[in-house]
Amino acid sequence: MTISRRDIIKLSVTTGAALSIPSVLRAQSTTPAARTVRMVKGNVRIFDPILTTSADTYDHALAIYDTLFGVDANFVPRPQMVGKWGVSDDQKTYTFELRDGLRFHDGSPVTAADCVASIRRWGNADSGGKVIMARARDISKKDDKTFSIVLEEPLGLLIDILAAPGGLFPAIMREKDADRPATEQVTANIGSGPLKFNEALAKPGASFTYDRNEQYVPRKERPDGFAGGKIVNIDRVIWDNIADQQTALAALQAGEIDFLRDPPFDLLPIIENDPNLALQVLNRAGDTIFLRMNCLQKPFNNVKARQAMLHLIDQEAILQAAAGSANYTRTVHSLFGVGTPYTNDENTGWFKKGGDPEKARQLFKEAGYAGEKVVMLDSTEYAVAHNANQIVAAELRKIGVNAELATTTWSELVTRRAKKEPVENGGWSIFVSSWSGANLGDPLGTPFFAANGDKAWYGWPKDDEYEAVRAKWVDTETLDERKALAREMQRRWWDFVGAIMLGNVVPPIAHRKTLTGLIGVPKAVVPMWNMRKG
Amino acid sequence: MALYVLRRLVSTIAVMAMVGIFIFLLLRLAPGDPAAIIAGDTATPEMIANIREKLGLNEPLPVQFAHWAHSILSGNLGISIFTGRPVLELISQRLEPTISLAILTMILSVTIGVTFGILAAWRAGGLVDRTLTALATLGFSVPVFVVGFFLIYFFAIRTRWLPVQGYQPIDHGFGPWLVQLILPTMTLALVYVALIARMTRASMLEVLSEDYMRTAAAKGVSSYSMLFHHALKNAGVPILTVIGLSFAYLISGVVITETVFNIPGVGRLVVDAINNRDYPVIQGVLILASGMYVLINLAVDLAYTLIDPRIRY
């Protein structure tokens, strides 16, 4: 068997032709969709925003549902679906009138009955909503466009709670959907928001498609946070779920997607050096990483051990390891995070610098620490928290604390953190997570703020004096009153140490430069309105 | 033969039932709580408890199993805890990309792998053999994601010849469908080319050393006829076995390749479901995958009779 020169030429021509087929086919098949925006922002697992606190579900709901009120970028509540509203002289009766032209995506008009049913469903699940429900004597419609909330006692925060940036998304649904129990998922995906969910193109786990709601009547005000005119300038948004970040970045570079939320910090230089891409910080309040300790078990059932952690933690070192880039991180010392209306420096001077292992060692000793195992739940899926865990564990070991990292998945972590037992029986000592600015600016809707022992959020801190101060929050009427109360809460919080802040990360989003008009909100979500492409 | 096929089909049902029971128990005993995942990272214990109650996760295991078994026996694989959609619908959405990738990969792998294997056996010990064996070892050794990202970098980012990621259904046109699958197919085929080439080489070498091959050569039979009419046919059974097992494995989903190229296939579905503890989806996919695995094995066993008349059932 011999191979001639002619055979080689034939083979070369055939191979060349075969290799050129893909690019020819690609040229024929890929039509640039100038009015379609492709975004990679996570994965919507649950559609119903009343069933879950997931940020991705919040993001999905933000597109297809509308709310009665929404907060602007400064956390000030503004009317959204509501056209006019008023409160009686005794401050007990609130009356709301809907704007003209509001329609659900199935064509039916939004009525007061829909709003009443939606408030009730949300109010049964949301922390802030429960306050309204507890005080409400009556929530009922007056006519098709008007409804009222009649209270037993005045509630100065009522409008703030209805705008609820930190709690569950207060979506206005159709009455027949909202009549379902709050624990039963609504999967109809029919709202009255600026975008419509395209059910036919939905591929759970892969991609979801949102079409412009042509019947939507936006407000006249300019867009501002969750408030203002929600004007959709494109025809379609495709929300892709690309599980691998490296692939997502390659797709962004190749122009297959327009937007990537949360690019990993180690890939930022690639984006910065690409002339077609840009980084932008949309969520200026960022995410505050915190460390929660199990206050029911040793050693953190002793306040001195918790105070020791405050002295031990060097936020700058942790942020350097956790996120790497100083451009997108900052230290945080306030219980209320960074850049929220209630951020303050009360009672922070004594631990502010941190990074004092000797003081921490001494306080652990005073707490009677005798070498008990400190189990740190460490989810490898959450990179920033995982990196922070490594540093904290190393620092603890340096001062003689028997710290053990329990590597796990996030789903296992959320199950295990509910256990109140000692570590020997499957319990835990420390876990790391984060809250958005919207959460830390909403002490009523965010369970993190509670310190009522067994009834508190995981970690179960208990301090009666703090709780007495916190209880006053619902009855504050002005921003200044709330700011003063926030200082008082924080003063006490840092004495009993309900949690430790590890730093604030302001993650940038990446987008192609052809995509403009992105709106910033104080939460890890990105509104799909106002964007332009081209 | 008919009796044999019937017996194997009955055993398929038994295998699927065993897999079902095993998976059901394994998932319930593994840590993780779908209610906690549904409720979200910042949920209160009360929210999680309410969802657990609603989903029936507080019921005793035998009761949960009875509900599920009843649903399966009614021909219903259940409803996804998360999306609220029928499991069968979710699986059927994901089957086309996986089957497409599997078929293209097998076509490419068998064509190249068998050819390489025959060439290597024919020139055993020579330069061709050593080169092809080295390439096969490389194909085995380099992780799939490394190959995938290398191909993405060269063909998608540098030259822009091919797309980075995604999938186009075949009803959107043969061209777009094929274009989307070229890189993942090349990535995946590398492993299977190596596997099939090595198996073909080994089997061919064994047959080529038989007396009857020497007799054929002495009688002046051409190299082509010796290799393809005599040796390949006799070496076919183990090659067919490897091809069948490889295809079955591909159909069950290839997670890494699907992840690297963002192909919404069965592999990604089951991994997402495991991360979410979406019990009905995991159970549904694994039961169907086990059924398909057994059926493909049956098809391979039956195919033996086509290439080796000595095999009878």
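Residue numbering restarts at 1 for every chain, and letters A, B, ... go by the order of the sequence lines.
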Distance flag, aromatic centroids of A/Trp457 and A/Phe431, threshold under 6.0 Å: yes
Polar contact flag, side-chain donor to acceptor under 3.5 angstrom, B/Gln165-B/Asn262: yes
Check ion pair B/Asp33-B/Arg277 (N to O, under 4.0 angstrom): no
Qualifying residue, where the test is side chain to side chain contact (heavy atoms under 4.5 Å, CB included) with A/Thr209 and the options are A/Thr36, A/Asn198, A/Asp240: A/Asn198
Polar side chain donor-acceptor pair, A/Arg292 to A/Tyr458, under 3.5 angstrom: no
Chain B contact via A/Gln253 - which portion, at a heavy-atom distance below 4.5 Å: both
Contact class of B/Ile48 relative to chain A, heavy atoms under 4.5 angstrom: side chain
Chain B contacts, top residue of A/Thr57, A/Ile242, A/Leu168 (heavy-atom pairs, under 4.5 Å): A/Ile242
Top contributor to chain B contacts, counting heavy-atom pairs under 4.5 Å, from A/Ala450, A/Pro181, A/Ser54, A/Ala202: A/Ala202
Atom group of B/Glu89 that falls short of 4.5 Å from chain A, counting heavy atoms: neither
Under 4.5 Å from any heavy atom of chain B - which part of A/Ala418: neither
Ring pair (Phe, Tyr, Trp, His ring centres under 6.0 Å) between A/Phe448 and A/Phe290, intermediate numbers included: CA-CA 10 Å; A/Phe448 171 78; A/Phe290 65 90; 5.0 Å; yes
Contacting region of B/Ile152 [heavy-atom separation from chain A under 4.5 Å]: side chain
Residues A/Asp177, A/Arg121: salt bridge by 4.0 Å N-O rule: no
Winner by heavy-atom pair count (cut-off under 4.5 Å) against chain A, out of B/Ala43, B/Ala30, B/Pro264: B/Ala43
Steps toward ring pair (Phe, Tyr, Trp, His ring centres under 6.0 Å) verdict (A/Phe47, B/Phe82): CA-CA 8 Å; A/Phe47 296 120; B/Phe82 283 77; over 10 Å; no
Most contacts with chain B, counted as non-hydrogen pairs under 4.5 angstrom, among A/Leu51, A/Asp56, A/Thr187: A/Leu51
B/Asn275 portion near chain A, given a 4.5 angstrom heavy-atom threshold: backbone
Portion of A/Asn241 that has a non-hydrogen atom of chain B nearer than 4.5 angstrom: both
Contact class of B/Phe149 relative to chain A, heavy atoms under 4.5 angstrom: side chain
Interface moiety of B/Thr259 toward chain A, non-hydrogen atoms closer than 4.5 Å: both
Charged tip of A/Lys203 within 45° of A/Phe208 ring normal and under 6.0 Å: no
Proximal component of A/Arg416, with respect to chain B [non-hydrogen, under 4.5 Å]: neither
